[in-house]
Amino acid sequence: QVQLVESGGGLVQPGGSLRLSCAASGSSLTIWSMGWYRQAPGKERELVASIISDGSTNYADSVKGRFSISRDNAKNTVYLQMNSLKPEDTAVYYCNTLATTLAGYREVWGQGTPVTVSS
């Protein structure tokens, strides 16, 4: 089994910052990619940012220049630093990983952490 534990969500004022964390755990685990998705009420889930095993990153156009994804390979943890937050960033943010275990290749989702940007 692979588990993802997310933290860091909450309420923040427009223009403020939050840092989300996601830690992966499991036996014989190799992480190939990790990323953050978000889903607002009435909208489809969308990719926010991702990072793959060689360190390359990808960002949604709406967050470029404001968000930054990073990783700590020793801890199997990915971070999303969110700056200059806007009300339209309000959503439930989900961590995702593509990983291998002894059972094979797996895609795993976290439980989601809410982010609310409001005055």
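Dense packing is recorded around CD of Glu88, with more than 12 heavy atoms of other residues, nucleotides or ligands lying under 6.0 Å away. For CD of Gln39, the number of neighbouring non-hydrogen atoms (other residues, nucleotides, ligands) closer than 6.0 Å is greater than 12. The local environment of CD in Gln1 is sparse, with at most 12 non-hydrogen atoms from other residues, nucleotides or ligands closer than 6.0 Å.
Proximity of Ser118 to Pro87: side-chain heavy atoms (C-beta onward) are nowhere separated by under 4.5 Å. Taking the side chain as every heavy atom from C-beta outward, Ile69 and Tyr79 never approach each other to under 4.5 Å. Inter-residue side-chain proximity for Ile51 and Ser33 is flagged as unmet; no heavy-atom pair is nearer than 4.5 Å.
Here the OG1 atom belonging to Thr30 is positioned 13.0 Å from the CZ atom belonging to Arg106, to the nearest 0.5 angstrom. Taking OG1 of Thr97 as the reference point, atom CG of Asn76 lies at 8.0 Å (rounded to 0.5 Å). If you take CD on Glu6 and OG1 on Thr77, they are separated by 12.0 Å, rounding to the nearest 0.5 Å. Residue Lys75 holds its NZ atom at 12.0 Å from CG of Asn73, rounded to the nearest 0.5 Å. Distance check, rounded to the nearest 0.5 Å: CD of Gln3 to OG of Ser25 gives 5.0 Å.
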ask   = Is there a side chain to side chain contact (heavy atoms under 4.5 Å, CB included) between Cys22 and Trp36 once you walk through the steps?
value = CA-CA 9 Å; Cys22 175; Trp36 290 96; 3.6 Å; yes
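Ser17 and Asn83 share a side-chain donor-acceptor pair at under 3.5 Å. Looking only at atom types and distance, the side chain of Thr100 has a donor-acceptor partner in the side chain of Trp32 under 3.5 Å away.
Between the side chain of Thr90 and the main chain of Val117, a donor-acceptor pair closer than 3.5 Å is present. Of the possible donor and acceptor atoms, none in the side chain of Gln111 sits under 3.5 Å from a partner among the backbone N and O of Val5. Between the Gln81 side chain and the Ser68 main chain, no donor and acceptor come within less than 3.5 Å of each other.
A pairwise comparison of heavy atoms in Val115 and Gly9 identifies CG2-CA, 4.2 Å as the closest pair. Residue Gly8 comes nearest to Leu20 through the heavy atom pair C-CD2, 3.5 Å, listed as atom of the first residue, atom of the second, then distance. Between Arg71 and Asp54 the shortest heavy-atom distance is NH2-C, 3.8 Å. When all heavy atoms of Leu18 and Leu85 are compared, the pair lying nearest together is N-CD1, 3.9 Å. Considering all non-hydrogen atoms of both residues, Met34 and Leu4 come closest at CE-CD2, 4.2 Å. Taking all atoms of both residues into account, the shortest heavy-atom contact from Leu80 to Ala49 is CD1-CB, 4.1 Å.
Residues Val48 and Val108 fall within the same hydrophobic cluster, defined by Ile, Leu, Val, Met, Phe, Trp and Tyr side chains chained together at heavy-atom separations under 4.5 Å. Note on Ile31 and Val2: same hydrophobic cluster, where clusters join Ile, Leu, Val, Met, Phe, Trp and Tyr whose side-chain heavy atoms are under 4.5 Å apart, directly or indirectly. Taken together through direct or relayed side-chain contacts under 4.5 Å among Ile, Leu, Val, Met, Phe, Trp and Tyr, Met82 and Tyr59 form part of one hydrophobic cluster.
In this structure Asp89 satisfies the side chain to side chain donor-acceptor pair (under 3.5 Å) test together with Arg38, Arg66, sequence neighbours excluded.
Under a 4.5 Å side-chain heavy-atom criterion applied to ILVMFWY residues, the cluster that includes Tyr37 comprises Leu47, Val92, Tyr94, Trp109 as well.
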